[in-house]
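Working notes, beginning with the structure itself.
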Amino acid sequence: MSIKQITLPQDFILGAAASAWQTEGWSGKKPGQDSWIDLWYKNDRHVWHNGFGPAVATDFINRFREDVSLMKQAGLTHYRTSINWSRFLTDYENVTVDEEYAAYYDALFDEMRRQGIEPMICLEHYELPGALLETYGGWASKHVVELFVRYAEKVFERFHGKVTRWFSFNEPIVVQTRVYLDALRWPYEQNTSTWMRWNHHKVLATAKVVKLFREKGYDGSVGCILNPEVTYPRSRAPHDVRAAEIYDLFYNRVFLDPLVHGRYPQELFTLLEKHQVEWDYTAEELALIAENTVDELGINLYYPHRVKAPSRAWHPETPFHPAYYYEPFELPGRRMNRSRGWEIYPRIIYDMAMRIKNDYRNIDWFVAESGMGVENEAQFRNRDGIIDDAYRIDFISEHLYYALLAREEGANCHGYMLWAFTDNVSPMNAFKNRYGLIEIDLDNNRARRPKKSASWFRRLRDERVLTLSVDDEWK
């Protein structure tokens, strides 16, 4: 074993993230304010672990002052969450603000500022209003793009004096991939053309929001939170390398390229046309995207994605799916988080950092989510009643080390944010896998208890030095 140490710059963010729907609960929610995720829960509650979902979540909407105090105690410098579009308005067509819900955010931002924690706010984190999905097909509609921009305008008007770091979306590829590409989530419809329309319209909406923000002259920045999967081929053989390139094209570059470079990869147009994937775009839209790239990126990184060339023929009657070009590959002997079924490979942080540095104009970015979900964490409770999550401390240390190393080597990586601050609800898994620095006790009125990692994180923030013990073979 050997000891590694690395210094955290004074301006380096140490924060945590969550979303409105995963924390707030439905307290005060009015009829007609269901989001897509609320409708999924109402229509398919049985698929959510033990029936827990967004209805109560962690009740943050009523307990935010307690939680912001815990954020300060745990050493957070920043907290990223979302505003729930479906709840911010009572009329989506006429963009009528729900003053009760907006006042809650006024109070939240004031409390965060009082406690010295900077807010970073997403305009949408899976919270597409359910009425817009049912009426227009959600992000398949250009009208929904315009309604989103009008919603963003109301948000900026209200909060621009309290928030300066804005993001159009969190993980904009996820909902349509799970619903329309893989058909794993409600309303379960495999339609690759719809998937691509959602992708394009979210890129377009981001460009329009960036343009609006700049034209209004607000202080601050507008970015987007992406979840590109660092993709490795099984081997250096050309067919495996090609499989990884295709996976990267459809799941990573489809957002990275237009948001940072202002243009889609030409090969994306070629393959979508080859496979008769229909999506509606205009020259004017492509020009607007080119002229309004984002100021910064948040990058969510949890695990590597490994692929190999496909070994089976695609059935001719099966609609096109990018998996036509690849198959998943499981690296023998890989290190695993067995609770979540994800490989642990901290080097993804460094590899993504170098890619952004070399291929994406070294744009400003930060690790927007990184964390370890563990099932049955109560088994690690010590005599003092505290969950001794040394495994989480190790996970954070190793991933944070690579973020800091990349920064030392010239990457514009400005921070590391945990998923999550408290345990919270995740799609389908609900509270099964726990991610938080703070425990949520579901059997005791959702009482909050800091885990061992919370006090460690505070010391890290104060001392600004990361120390970790590593095996001599560790890379």
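By convention here, the first residue in the shown sequence is residue 1.
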Give a yes or no on whether a salt bridge exists between [X] and [Y], defined as a side-chain N under 4.0 angstrom from a carboxylate O.
X: Lys211; Y: Glu291; result: no
X: Arg150; Y: Glu93; result: no
X: Glu285; Y: Lys142; result: yes
X: Arg214; Y: Asp295; result: yes
X: Glu267; Y: Arg253; result: no
X: Arg87; Y: Asp38; result: no

Check: [X] ring centroid to [Y] ring centroid under 6.0 Å:
X: Phe167; Y: Phe366; result: yes
X: Phe169; Y: Trp139; result: yes
X: Phe148; Y: His201; result: no
X: Trp314; Y: Tyr325; result: no
X: Phe156; Y: Trp166; result: yes

Is a side-chain N or O of [X] found less than 3.5 angstrom from the main chain of [Y], in a donor-acceptor match?
X: Ser141; Y: Gly137; result: no
X: Asp423; Y: Ile440; result: yes
X: Ser339; Y: Glu375; result: yes
X: Thr58; Y: Thr23; result: yes

Testing the 3.5 Å rule here: is there a donor-acceptor pair between the side chains of [X] and [Y]?
X: Tyr360; Y: Asp257; answer: yes
X: Trp419; Y: Gln22; answer: no
X: Thr422; Y: Asn424; answer: no
X: Ser235; Y: Asp240; answer: yes
X: Glu24; Y: Tyr101; answer: yes
X: Asp182; Y: His321; answer: yes

To check you understand the geometry: which heavy-atom pair defines the closest contact between [X] and [Y], and what is its length?
X: Arg407; Y: Pro9; answer: NE-CG, 3.3 Å
X: Ala430; Y: Phe52; answer: CB-O, 3.3 Å
X: Ala16; Y: Leu76; answer: CB-CD2, 3.6 Å
X: Ala207; Y: Ile289; answer: CB-CA, 3.9 Å

Rounded distance (nearest 0.5 Å) linking atom [atom1] of [X] with atom [atom2] of [Y]:
X: Ile121; Y: Thr81; atom1: CD1; atom2: OG1; value: 6.0 Å
X: Leu128; Y: Trp85; atom1: CG; atom2: CH2; value: 5.5 Å
X: Ser35; Y: Asn84; atom1: OG; atom2: CG; value: 5.5 Å
X: Asn300; Y: Met417; atom1: CG; atom2: CE; value: 10.0 Å
X: Leu70; Y: Arg65; atom1: CG; atom2: CZ; value: 14.5 Å
X: Arg355; Y: Asp248; atom1: CZ; atom2: CG; value: 4.0 Å

Q: Apply ring-ring contact (aromatic ring centres under 6.0 Å, His included) to His305 and Tyr251, showing your working.
A: CA-CA 11 Å; His305 197 92; Tyr251 294 106; 7.4 Å; no
**Q.** Non-neighbouring partners of Glu118 that pass salt bridge (Lys or Arg N to Asp or Glu O under 4.0 Å), sequence neighbours left out
**A.** none
Q: Under the salt bridge (Lys or Arg N to Asp or Glu O under 4.0 Å) rule, collect the residues that match up with Asp67, sequence neighbours excluded.
A: Arg448
Q) Does atom CD of Glu66 have more than 12 heavy-atom neighbours, drawn from other residues, nucleotides or ligands, at distances under 6.0 Å? A) yes
Q: Could you go through the side-chain contact (heavy atoms from CB on, under 4.5 Å) check for Ile173 and Asn199 one step at a time?
A: CA-CA 6 Å; Ile173 200 170; Asn199 290 337; 3.8 Å; yes
Q: Test Leu212 against Val222 for side-chain contact (heavy atoms from CB on, under 4.5 Å), laying out the working first.
A: CA-CA 10 Å; Leu212 167 71; Val222 178; over 6 Å; no
Do the rings of [X] and [Y] sit parallel, tilted or perpendicular, given the 30° and 60° boundaries?
X: Tyr326; Y: Tyr247; answer: perpendicular
X: Trp48; Y: Tyr41; answer: perpendicular
X: Trp195; Y: Phe250; answer: tilted

Q) Tyr188: what forms a ring pair (Phe, Tyr, Trp, His ring centres under 6.0 Å) with it, not counting sequence neighbours? A)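 Applying ring pair (Phe, Tyr, Trp, His ring centres under 6.0 Å) to Tyr188 gives none.
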Q | Tyr345: side-chain hydrogen bond (donor to acceptor under 3.5 Å, both in side chains) partners, not counting sequence neighbours | A | none
Q. Pairs in or reaching into residues 152-165: which pass salt bridge (Lys or Arg N to Asp or Glu O under 4.0 Å), with residues at least two apart or in two chains?
A. Glu99-Arg158, Asp106-Arg158, Asp106-Lys162, Asp110-Lys162, Glu153-Lys216, Arg165-Glu296
Q | Qualifying salt bridge (Lys or Arg N to Asp or Glu O under 4.0 Å) pairs with a residue from residues 43-52, counting only residues at least two apart or across chains | A |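 Every pair satisfying salt bridge (Lys or Arg N to Asp or Glu O under 4.0 Å) with a residue in residues 43-52: there are none.
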**Q.** Working for side-chain contact (heavy atoms from CB on, under 4.5 Å), residues Val260 and Arg361
**A.** CA-CA 8 Å; Val260 178; Arg361 59 184 172 86; 3.6 Å; yes
